[in-house]
Number of protein chains: 2
Amino acid sequence: MTVRVLLADDEHLIRGALAALLRLEDDLTVVAEAASGPEALAMARAHRPDVAVLDLQMPGADGVSVATSLRRELPDCQVMIVTSHGRPGHLKRALAVGVRGFVPKTVSAQQLAEIIRTVHGGRRYVDQELAADAISAGDSPLTAREAEVLELAADGAPIAEIAERASLSQGTVRNYLSSAVTKTGAENRHAAVRLARERGWV
Amino acid sequence: MTVRVLLADDEHLIRGALAALLRLEDDLTVVAEAASGPEALAMARAHRPDVAVLDLQMPGADGVSVATSLRRELPDCQVMIVTSHGRPGHLKRALAVGVRGFVPKTVSAQQLAEIIRTVHGGRRYVDQELAADAISAGDSPLTAREAEVLELAADGAPIAEIAERASLSQGTVRNYLSSAVTKTGAENRHAAVRLARERGWV
DNA sequence: CGGCACCCATGACAAATGTCAGACGCGTCC
DNA sequence: GGACGCGTCTGACATTTGTCATGGGTGCCG
């Protein structure tokens, strides 16, 4: 009885190579591959894999949102996420939507195969390093609105534009930003955006 | 007569998978692997490969700086760079230091093998898409100092800090930034940093 | 019910930032 | 030699921003 695996990664090179390596394991079968979020979803519906291995960053829809849909539509399919950049926030969001495995791309193929088996067996696997980061980053002190406004400030837009996009008065926006800056301990809102991103608060 | 290849990528999963795929080609031999910039350099010195395949982002030293050293120390070794995020600036910098191939990770393993042969044959290969981006981004209108100050502004630091780090007066910093903001057409320096990054001007 | 936290807003003040004009020295190129 | 671009600086001004006090509205929890 082999484990049926879905592989989703927008980088053809990686996906192909990964598929080749996993095929070497005789208890694993790659039944489908996808290069984007929506495609991953469609493939999953068509092939009903036991385990879905998703890249975090994909065009269309990112790994976490694909995972969300997958958990709802195919509860029997265990989802795990592979990523290059392990931001604590991603891990948190992923676990919240029911992802069972979260690993950086620095693991070896052997380890990955082992983790796929672990996840398929109903257990969970989270990379030590990333877990430690997530814990030390702590919970977000930002309120929903503060985080929202901070995100709108992410591309360096002036207050007026942020206010318009958020449908708030400029004064309110400044209050939220000021509060967010205080909470993050940043020098100004731009640095605050950076810090909040690093800690996974946005 | 086979092509001797050095593979450098900090992601174990990718590197291993890539090595496995390239080994399937009988005219290619992976003679060394490295997980960081300095390690890649050391491996290259020890094994003198015909072609070095470098990831753009690696701990220690990035692909371009490794390529620079490599070109100087081992002129017979052709260098190519593989990357996930193809910023036009990277391509430009890479070509400037003598990199012969620049490809995104979206190519297939087949194509990669073919490109390695191309590069080994002394010809060049640059991804169409990336080349188009680089051309359309145009040349940087920023002076050296403007670019330098813009980089120091990248993390959202206040002017005072930028001035200190650049050993300039605050007034001068503001002048450069103002000029950079005008040239990029941005709303403020933070947006200017973003734009300049996107276009590969920093 | 009485806090309490959050949402939204206003107004006022201080500090940071963006913009502009002008000035000096240094190279390069014609 | 002179024009020109660049780097560097100063000073002044308008604008944007951050901060604070204060207010009212909502909904939740003890």
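Quick note on labels: first sequence line is chain A, next is B, and so on, each numbered from 1.
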Scoring nucleotides 24-30 of chain D by protein non-hydrogen atoms under 4.0 Å (B base, S sugar-phosphate only, - none) yields -------
message = I need the residues from residues 152-164 of chain A with at least one non-hydrogen atom less than 4.0 Å from DNA chain C; give them sorted by number, or say none.
response =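 Residues of residues 152-164 of chain A that come under 4.0 Å of DNA chain C do not exist, since none gets that close.
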May I ask you to list the residues of residues 175-188 of chain A, by number, that have any heavy atom positioned under 4.0 Å from an atom of DNA chain C?
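DNA chain C contact set from residues 175-188 of chain A: A:N175, A:Y176.
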Sidechain-backbone polar pair: [X] side chain, [Y] backbone, donor-acceptor under 3.5 Å:
X	Y	value
B:R4	B:H47	yes
B:N188	A:G156	yes
B:S179	B:N175	no
A:E151	A:E148	no
B:D127	B:V103	no

- Query: Within a reach of under 6.0 Å around CZ of A:R71, are more than 12 heavy atoms found that belong to other residues, nucleotides or ligands?
  - Reply: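 Check passes, neighbour count above 12.
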Other residues, nucleotides and ligands only: do more than 12 of their heavy atoms fall within 6.0 Å of CZ on A:R124? no
| query | Of B:S167 and A:H190, whose nearest nucleotide on DNA chain D comes first from the 5' end? | reply |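 In this pair, the answer is B:S167.
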Can you tell me the distance, in whole Å, between the [atom1] atom of [X] and the [atom2] atom of [N]?
X	N	atom1	atom2	result
B:L168	D:dG7	CG	P	11 Å
B:E146	D:dT8	CD	P	11 Å
B:L142	D:dG7	CG	P	11 Å
B:R189	D:dT17	CZ	C1'	11 Å

TODO: Report which part of the nucleic acid A:R174 touches: base, sugar-phosphate, or nothing (heavy-atom distance under 4.0 Å, all strands).
DONE: base
inquiry  = Just to be sure I understand the rule, does B:T172 reach a base, reach only the sugar-phosphate, or reach nothing, if contact means heavy atoms closer than 4.0 Å?
reply    =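 The answer is base, as B:T172 lies within the cut-off (heavy atoms under 4.0 Å) of a base atom.
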(request) Tell me, with the steps shown, if A:R15 and A:D55 meet salt bridge (charged side-chain N to carboxylate O under 4.0 Å, His left out). (result) CA-CA 10 Å; A:R15 182 159 35 90; A:D55 188 18; over 6 Å; no
message: Under the criterion salt bridge (charged side-chain N to carboxylate O under 4.0 Å, His left out), I'd like the reasoning laid out for A:E198 against A:R194: C-alpha separation, chi angles, the key distance, then a yes or no.
response: CA-CA 6 Å; A:E198 272 173 22; A:R194 222 172 34 79; 3.3 Å; yes
Establish, with yes or no, whether the OP1 or OP2 oxygen of D:dG7 is under 4.0 angstrom from a side-chain nitrogen or oxygen of B:T143.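 Yes, because at least one side-chain N or O of B:T143 sits under 4.0 Å from OP1 or OP2 of D:dG7.
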message = Please determine whether side chain to side chain contact (heavy atoms under 4.5 Å, CB included) holds for the pair A:E161 and B:E187, giving the CA-CA distance in whole Å, both sets of side-chain angles, and the decisive distance to 0.1 Å.
response = CA-CA 10 Å; A:E161 199 177 314; B:E187 312 249 30; 2.9 Å; yes
Testing B:I162, B:V149, B:L150 for side-chain contact (heavy atoms from CB on, under 4.5 Å) with B:Y176, which one passes?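 That would be B:V149; it is the only one of B:I162, B:V149, B:L150 passing the side-chain contact (heavy atoms from CB on, under 4.5 Å) with B:Y176.
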